[in-house]
Colleague: 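Here it is: the structure, laid out below.
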Amino acid sequence: MPATADFPLPVLNCAGRALDLSRPQVMGVLNTTPDSFSDGGSLYKQNGLDLEQAMARARLMCEQGASIIDIGGESTRPGAAPVTIEQELERVVPLVERIAAELEVVISVDTSSPQVMTEAAAVGAGLINDVRALQREGALAAAAATGLPVCLMHMQGQPDTMQQNPQYRDVSAEVSDFLRQRMSVCDLAGIPRERLLLDPGFGFGKSLQHNLQLLRDLPQLRDLGQPLLVGMSRKSMIAKLLDRAVDERLAAGLALAVLAVERGAWIIRTHDIQETADALAMCSALAEIGE
Ligand code: 9MG
């Protein structure tokens, strides 16, 4: 997305690593959980995460065009086993440290836990991705203390029950109000606007209709003035429309990524790095020739 006079786009400082938001960027998903919905925990062996395999995956993601790697140690899919703080730290922190030492990429930690935010930041994380928008006790202060950019995501309910019967009067207005309110809370906690990214949380307490309305109305969220991050890759909204298995959702995921960028998204969170990077390069090429 080109910068405009009313919204000069930043280069986000992610712990000293620059994230150029003058063009759409790919955030690759690297789950360290044994029960992730997209890869079923393929990086896991009996006694925990296989660090070498995780590093090989991270390296490949960089080669394929990811400028951010999002590392998560808690599965938020409905029905996932709860994770203890010790497990989450064990899954996330050593991998963040290795990637920070070996790869030139922005490292995002997908966590709601203050301890994980603090410890991951200490070993090189550059971005906090919180699906609970810093609502867990202590998260706001911990995130502020790291000095890192934060992605605030909207979720209705809690992961284990959120998809049972999500209800909204006007989903886009309610998501927008929630994110605006969280931005104000961040202001008061000393997290400046230039460090905030927003995410409507596709699939987090939303029906297919809600997800489609949010995608249609993405420009309303862009008008909140912060860069938008979105994640729709392989999600069940695709299955609901097309009845496709998880590994058959690529084409639809790419279409959704391009539609999101066209409506104002800056960062696409995805499992399909190279294909998404190619699709976004087409968006950038078109944007660069101007109107
Ligand atoms: C962790 N996680 C899973 N889906 C996500 C999404 O759509 N956005 C963000 N920010 N994080 C997500």
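Positions are given from 1, in the same order as the sequence printed here. Numbering of ligands and ligand atoms starts at 1, following listing order.
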Colleague: Taking non-hydrogen atoms only, is Val29 closer than 4.0 angstrom to ligand 1 via side chain, backbone, both or neither?
Modeller: neither
Colleague: Which of the listed options, Val131, Asp70, Asp199, holds the heavy atom that is closest to atom 10 (N) of ligand 1?
Modeller: Asp199
Colleague: Among all protein non-hydrogen atoms, which one is nearest to atom 2 (N) of ligand 1, and what is the separation to 0.1 Å?
Modeller: Arg269 CZ, 3.3 Å
Colleague: What atoms in ligand 1 come closer than 4.0 Å to a heavy atom of Leu229?
Modeller: 10 (N)
Colleague: At a 4.0 Å threshold, what atoms of ligand 1 neighbour a non-hydrogen atom of Gly231?
Modeller: 7 (O)
Colleague: Judged by modelled atom types alone, do Asn31 and Thr33 share a side-chain donor-acceptor pair under 3.5 Å?
Modeller: no
Colleague: Just by distance, no angles: are the side chains of Asp272 and Gln274 close enough, under 3.5 Å, to form a donor-acceptor pair?
Modeller: no
Colleague: Could you tell me which atoms of ligand 1, counted from 1 in the order shown, lie closer than 4.0 angstrom to a heavy atom of Asp110?
Modeller: 1 (C)
Colleague: Side chains of Ser112 and Asp130: is there a donor and an acceptor less than 3.5 Å apart?
Modeller: yes
Colleague: Taking the side chain from Gln135 and the backbone from Arg132, do they hold a donor-acceptor pair closer than 3.5 Å?
Modeller: yes
Colleague: I need the minimum non-hydrogen distance between Val123 and Ala100, along with the two atoms involved.
Modeller: O-CB, 3.5 Å
Colleague: Within the 3.5 Å criterion, strictly below it, is a donor on Gln220 or Ser176 matched to an acceptor on the partner's side chain?
Modeller: no
Colleague: Taking a cutoff of less than 4.0 Å between a non-hydrogen atom of the residue and any ligand atom, is Met232 in contact with ligand 1?
Modeller: no
Colleague: Which of the numbered atoms in ligand 1 are under 4.0 angstrom from any heavy atom belonging to Phe204?
Modeller: 3 (C), 4 (N), 5 (C)
Colleague: Give the numbers and elements of all ligand 1 atoms closer than 4.0 Å to a heavy atom of Asn129.
Modeller: 9 (C), 10 (N), 11 (N)
Colleague: Which option out of Arg234, Met153, Lys235 puts a heavy atom nearest to atom 7 (O) of ligand 1?
Modeller: Lys235
Colleague: For the residue pair Tyr168 and His154, does the interplanar ring angle fall in the parallel (under 30°), tilted (30 to 60°) or perpendicular (over 60°) class?
Modeller: tilted
